[in-house]
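Written out below as structure tokens is the structure these notes cover.
One is the number of the first residue; the rest follow in order along the sequence.
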Amino acid sequence: MNAQSEKDLLIIFPPVTEARLFPYLSLPMLTAYLRKLSFRVEQVDLNLALCHQLLKEDYLREYILENRNSTSIKQKYRNTLAQFLIENLASLKLDVFRSNKIGKHKAKSENVSFLNKCIELFLENSLLKRAFSSFAMMEKILEDKQVSDRAQDELLNLIKNLVEEHQPKVLAISIAFFSQIFPSLIIAKYVKENFTGISIILGGQQVILRHLDFVKINPVLKYIDGLGISSGEETLSAYLHFKNGNLNIVDIPDFISIVNKKIIISPKTSELTLEDFPTPDFSGLKLDNYLIEEIQYPLITCIGCYWGKCIFCSYGNRSHKSKTYQQASPEKIARDCKALVDIYRAHRINFIDENTNLSLVRTAMRLFRKQGGVIEFSTRNRMESILTRKDVCQELKDLGCVLMAAGYDTNSQRLLDLLRKGVKSKDYQKIIDNISDVGIELRLSLLGGIPHETEEEVKDSENFLNHNASKIGIDVMQMLILEPTTYLADSPSSYGIESANFEELSGNELLSYGRGFVGATYKYKDGPGHESRLARFLKTFETVKTKYNEKSPYDRLASKEPEVFIEVGLEITLSPWVRIIDDCMIADLRWQKLYKLPLGIEPYRNKLVIRQVSKTISRAVNLFALSNMIDLGRKESK
């Protein structure tokens, strides 16, 4: 191995998460800082790399062969999807991963969706995506002989090749989501059992939140050399100096070292500020390989949240408790935006703060504009009173804001006060009207299962969302979760929660990929139980149909479009993504719908042939037409 190829540090973003839209920012930020100090760093989005390894026609053929004898309708549907993907995979990949996507090319959203469906065929039953109810359960499964599966085999092959190629002194794993914890432990175990001399450091949001849980389980004590428990820039640079013999381990800031299964907590903390961080370095990441219509670049303007009081938030209140909130200067934000445009030809930046300070961003983007910069951007922020000013909303639009994700949660002021949100529901309508009027896309986050919430309050929020459906989208829907470090987890009984069990974990299986946020199981002191509240929340999901969420044609089935004229012998061509199963069912693979064909409609290759005319058949054909399952431009009478 050439010494030039040896790296001081290999940083990976592990599977499995749906964060496949753009690079997760922890890697480019760490890489930029450490390369500035002349460390040899390689960064790899292993989550994305695994996705690409699963997008293979041969694997789809094997999938069908392995499941060919299944009589399950669910599996037959999946086999049909796999066959469609075999026939179209090359063209789908060509569109979504076209090399000039970072330029003008924009991929089709349905093609992105089909590639995600392909990936999930192989992840669906993989150990990598298993939902764990406790750290103890992870420990047991990891120490037992693991059952092999395709996704897991591909992951280990990827990490083997990476370690052999780069021969890093240190492997750092950035764990942002709970669903990445177990795959990270699989990676650590494999590296420690197959390579020598490599230190493994875990960091990221989940380690910051749960390091006390991490150090309780044997796989961490056995395979991990340390945990970074804050921003990792100074921690990793200090650890590399330690590896080179230039620093004592206790002098590594924000660090828990693990030596011979014993933990040592460093008393030191990082003194870096956002001003010390260079512009994120995305070099080495395969930017045109992300599963999105066009590449977007993440950027932060702050660490923590300047409000920091919401009882359910594990990000903001930490900075409120410890007074560690930071925000970058307008000059630095403008400088970073300019660098992304100059270096990467970026035309869209997403400010991915926990809570973007809109006044700060306005000032920064004014500076950027004065420097001749033009770029689209999005923000994540609260529904604050500043947005009741039309001139502020218009200026944000004029400066390039195209999307705003905002926490809505509920329309009840009583509940907003309970949640300590610090916003006024009476402002919501004015804010929505302003943002809609200036042409910014607004996506709201909804919170279900709020303690003491009445049916009347749920219905009022639902009615408000429906009233504004033409002006909003839904960003995230989550049931209340007791995440570690939150005010809610610190004192659940103060907010209407009892019997909180922090050893047994629960998440949002039905609402979020990989269960989304994960926290303690609990019961309510009064009112309906969790399952009833979840069912009611799902009703809101089914009822509220908003403008900015991708609309299924099935949402339009109640429209008064004219019925399709049919006659005996009429042949109607199916849309390319529609297939027949068992000669009796019609499957819409794009929107994951399945219908039984009525007698009198016969499938023939990629067509439906009308053998008789009746009201039932007429209604069925009209349904297929309204949902775009049939191509009305290609029909003929026989």
Minimal non-hydrogen separation, Pro492 against Ala489, with atom names: CD-O, 3.4 Å
Between Glu293 and Lys106, is there a side-chain N and carboxylate O pair less than 4.0 Å apart? no
Which residues pass the side-chain hydrogen bond (donor to acceptor under 3.5 Å, both in side chains) test with Glu441, sequence neighbours left out? Arg443
How would you list, by chain and number, every residue that makes a ring pair (Phe, Tyr, Trp, His ring centres under 6.0 Å) with Tyr524, sequence neighbours excluded? Tyr522
Checking ring-ring contact (aromatic ring centres under 6.0 Å, His included) for the pair Phe13/Tyr24: CA distance, chi angles, key distance, verdict? CA-CA 8 Å; Phe13 185 63; Tyr24 197 78; 4.8 Å; yes
Taking salt bridge (charged side-chain N to carboxylate O under 4.0 Å, His left out) as the cut-off, I'd like each qualifying pair that reaches into residues 491-514, sequence neighbours left out, listed once. Glu509-Arg515
Ring centroid separation for Phe97 and His52, is it under 6.0 angstrom? yes
Report the residues that fulfil salt bridge (charged side-chain N to carboxylate O under 4.0 Å, His left out) with Lys117, sequence neighbours left out, ordered by chain and then residue number. none
Does the ring centre of Phe312 sit less than 6.0 Å away from the ring centre of Tyr487? no
A side-chain contact here means heavy atoms from C-beta on lying under 4.5 Å apart; do His530 and Met479 qualify? yes
Holding to ring pair (Phe, Tyr, Trp, His ring centres under 6.0 Å), I want the full list of residues that pass it with Tyr77, two or more places apart in sequence or in another chain. none
Residues in salt bridge (charged side-chain N to carboxylate O under 4.0 Å, His left out) contact with Asp588, at least two apart in sequence or another chain: none
What residues form a side-chain contact (heavy atoms from CB on, under 4.5 Å) with Leu510, not counting sequence neighbours? Leu534, Leu538
Please check if the number of heavy atoms outside Lys390 that lie under 6.0 Å from its NZ is greater than 12. yes
Output for pair (Ser26 OG, Ile175 CD1), nearest 0.5 Å, gives 10.5 Å
Are any non-hydrogen side-chain atoms of Ile186 and Gln152 less than 4.5 angstrom apart? yes
Lys539/Glu462 salt bridge by N-O under 4.0 Å criterion: no
State which residue, out of Phe351, Phe22, Tyr344, Tyr290, fulfils the ring-ring contact (aromatic ring centres under 6.0 Å, His included) condition with Tyr297. Tyr344
Contacts of Asp433 that satisfy side-chain hydrogen bond (donor to acceptor under 3.5 Å, both in side chains) - sequence neighbours left out: Gln429, Lys471
Can you pull out every salt bridge (charged side-chain N to carboxylate O under 4.0 Å, His left out) where at least one residue sits in residues 444-454? Sequence neighbours excluded, please. none
Going by side-chain hydrogen bond (donor to acceptor under 3.5 Å, both in side chains), name the residues that satisfy it together with Glu455, two or more places apart in sequence or in a different chain. Arg536
Pairs touching residues 382-420 that satisfy ring pair (Phe, Tyr, Trp, His ring centres under 6.0 Å), sequence neighbours left out: Tyr408-Tyr428, Tyr408-Phe464
For Arg362, enumerate each residue passing the side-chain hydrogen bond (donor to acceptor under 3.5 Å, both in side chains) test, keeping only those at least two apart in sequence or located in another chain. Glu395
Could you pull out the closest heavy-atom pair between Phe177 and Thr17, with the gap in Å? CD1-OG1, 3.4 Å
In terms of heavy-atom contacts, Ser134 and Leu505 come closest through CA-CD1, 4.2 Å
